Each structure stands twice: as structure tokens, then as C-alpha cells.
Amino acid sequence: MEEMKFTKDVRVRIAPSPTGFLHIGLARAALFNYLFAKKNNGKFILRIEDTDLERSKSEFGKDIIEQLEWLGLEWDEGPFKQSERISIYAKYLDKLLKEKKAYHCFCSKEELEAERQYQLSIGKAPCYSGKCRELSEDEVQKRLANGERSVIRFKTPSKKVVFRDLVRGKIEVDSSLLGDIAIAKNLTAPLYNFAVVIDDFDMNINYVIRGEDHISNTPKQILIQEALDIPQPKYAHLPLILGSDRAKLSKRHNAVSVADYRKQGYLPEAMINFMALLGWNPGTEKEIFSMDSLIKEFSIEKVQKGGAVFNLQRLDFINGFYIRQKPLDELAKLCLPYFIESKLIDEFSDGKYEILETRETVGFDYLVKTIGLYQERLKKLSEITELIDFFFKEKIDYDKDLLKWKDMSDTDLKIVLEKLEIILSGIELEEFNKENLEKILIIEADKTGNRGSLLWPLRVALSGKKASAGPFEIAEILGKEKVLQRIKHAQEF
Ligand code: GLU
């Protein structure tokens, strides 16, 4: 397919409502807008849609900004807040009312609900009947003066609304099914479909890239644009994000907010890489993309129509890749909060840390060393404490049978542990390093004809775990004294 040509001054936006923490769907939309803007030398604008005063909370607005920054999706303009732009909407509402393209509707909630139920009962798609359309000006003024509750409705013209979606192609909707849409509670309280049209126009947005859940709003917004005689942006609706059960991703599917993934220790570069593949397909098997390569390779033509399944294994795989790319020092810094939070260590002073259980102080290099053993296999940062807690414990707990290699008997195990004790206590302190330990123990292990029967009990005695890094690396970091203590502890079983 020929590459589409886009106007020179591409202007796109992301327009989150601060009614919840930034979720994956919106973050993905932000990313696609960002990539589209960067690719076309355009501008990316952030607008906070906080007209729903009851549901909007400043903590959510703060979270949205924080997470977008963390992801590296910096905006060129904004954040604009709809709540600070009320007078702009009022002007256009007034215009529509004066031109009789909108009207006050006094129907009560109960009336509307009864109407809806009736329509459903006769098998009709519910929409407003238009009852208040024909109220006389006098009556409207009288009822407004009386303080009667009303909303402002747009007189939806009956026609076929047709638009070309950049992802989904031609879309046709019969507007008579929409009914007259409520566009504001009053002159100073616009509703979503109206405010969005005014803002996109006022901010010169020419491409609206958003989730497919908004596709039913698009014809409404187009009709409002037509009534106000303002230009129509181009639309691209991104496929829904689905859980592994192929249902729309929702709170039922574990974590949905960006902050949740961040807390679990997914890296921003991994989140970006992963989210790019939620609905965009480079057309190759390639799975690893930096932001720069995404900017180069992204194209809206390659956005798929079908739902994008959120595959956690893929996210883990991608995150593991970026963890392995990290310089070890940096990785250790990223892991540090998890150690503190799980109360293995605490910050001491002068860049030292106190191991809470043993009261020892260690330097940052101790963290670097221990984490280094696990960089290859780590999938998310939060896993680290569980993998290496045994370096931060006085005594470790494990099931005694775990010490046994295959069908080893109690007596065999006892002999092996005694042997280990003798060999290890014979190694000089300054020779107690990985290379020496490996040399000496491998020779011993080979004598038995089966390395596992010596090295497995050693590894378990040191780590208490079924799977861990190798025994020589662990022994070097623990040091001779602790290694012998742990062998003794194993013998006590
Ligand atoms: N405020 C809407 C939302 O949070 C987005 C509106 C739009 O992109 O047009 O879902």
C-alpha cells in the first residue's frame, strides 16, 4: 500500500479524563499519537478533560501527568484543562442556541428513563424523542427563569454521516438513530461530545487518534462540527485492547493502570515497546523496538483493525530484555526501593545500607554483586527480593528434603555435608573465591562420578532455594564464615 501523505503541520492530542489512574488503553493512545507526531514533525498536545466535576479528581490528573512523563511521552503543548476554558465553550453553545441548532430540554431523569424502557420494550434502540424541540421561546425563558432543571440538546439532523477512518476505512452511520444529543448541562457546563469538538478546533487538531471505544462518538462530533461550520479532523480509531480471554481489557484483568506496572518493576522502555505492539504490526517478526526505531518505523497504515490481545508473557519477555541491557549499577539503583520496601535493608549513612536481620552494614557494591547474579533471569524488578533474600538473612528456612540430590538417603546427605564442611573449612580466607571454589569442588564432585550429588546440596544449603544462581558465585559473596554456618545449619536438620 502506498504511504499516506499527511499535511505538513500534523497536530494531534491525547485527551484523558482524570476520572481514574492512567490506564494502558490511554497510554497506548498517547504513544501512537506521540509516534505519529514525531514521525511527521508534528505537535503532540495534552489536554485534561475534566468537565465531569463529580468524577474528576486532581490526584488522577497528577497521576496521568506523572506516568506520561515516566514513559517519556513528553507533550509539546499543554496540559490544557477544560475546566479553565469554560468561557470558550459558552460562546459556541450560545451560538448554537441562537441559531436554533440547539435547545433547552426540561425532561426529567425519570421521564427519560421511562421513555428509554418503553423504546427497549418495543425493540427500538433508545434515543431521545425530541419532545422539547418545539417548546416556544417564551415557555423556555419562563421555565429557565423559574429555575427548572434543563440540559442543552443538539438538534441532530437526520442524515447519513460518512467518514473515512484511517484504520477502519469508510464508516457510515444513520444519524436518525442518535436522537438529539445532550451537549451541555448549561452554558457553563459542557459535556464531552461538545467540549471535545470545540477544543479540537480551537487547538487546531487535524488528526484524532483514539481508542475504538470512541467510534460511536465520532458521528456526533462530526454533526456538531458541521453545525458550527468548522473543519473536520481526520480520524483513526485504534483497536480495543483485549485480555487473554479476548474480553475488553478491564479492571477484572489484574493490573490496568500504568502505575501498577511501574510498581511491579516494568521499565518504561519495555512498556513503550510492548504498547507499540498492541495494535501496530511492523509486518516482520521483530519484537524489540526502541523509541527511536518506533518513530522511524511507525505508520498508521500498519495499525490493525482487530482487537489487540494483551499478552503478559510478551511483556515479561520484553522487560527481561531491557533489564539485561541495563548497566549493573543502574539496575541495582532501580532495584533498591524494592529491598527497602520489603524490609531486607534500610538506608544507613554515607551510602551504606543496613541489613535489618543481621545488623550488618554493607555498601552499594554488595547490592550490585548480588543483583548481578540475577540480571540474566530477572523479568521484573519486584521479583528481585524474592530471588536474593537469602543474602540478607541470618538463617534461611527451607524444606530439609530439598537438600537431597535425586534419591539420596539421609545418610548419603549427612556424608556429603560433612565432606563439604571439611573441604570448605580447609580453604584459606583469601583463596575463598569463585574460581578456587569451582576448581576444588569440581574435582571433588567428579570423584563421586556425579557432580549433582555434591553441588546440589551445597547450593541448597547456601540459598535454601530450588532454583538459584550457581553455588560458587553465591559462596564467594557470602564469604567463608557464613558458608560454613549454613553448612552447619543444614547438618542440624
Ligand atoms: N476524554 C476521553 C477519554 O478519556 C478521550 C476523548 C477523545 O480522545 O476524544 O476517554
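Each ligand, and each atom within it, is numbered from 1 in the order the structure gives. Keep in mind it's a predicted model, so treat the numbers as computed, not measured.
- Ring centroids of Phe36 and Phe44 are separated by 6.0 Å or more, keeping the two rings apart.
- Protein residues having a heavy atom under 4.0 Å from any atom of ligand 1 are Arg13, Ala15, Pro16, Ser17, Leu26, Glu49, Tyr192, Val196, Arg210, His214, listed by chain and number.
- Salt bridge annotation for Glu113-Lys109: absent, with no cationic side-chain nitrogen under 4.0 angstrom from a carboxylate oxygen.
- By the 6.0 Å and 45° rule, Arg28 stacks over the aromatic ring of Phe32.
- Salt-bridge annotation for Glu341 and Lys263: absent, with no side-chain N of the basic residue lying under 4.0 Å from a carboxylate O of the acidic one.
- Remark: aromatic rings of Phe339 and Tyr353 are distant, center separation not under 6.0 Å.
- Looking at Arg13, Arg11, Lys43 one by one, the single match for salt bridge (charged side-chain N to carboxylate O under 4.0 Å, His left out) with Glu77 turns out to be Arg11.
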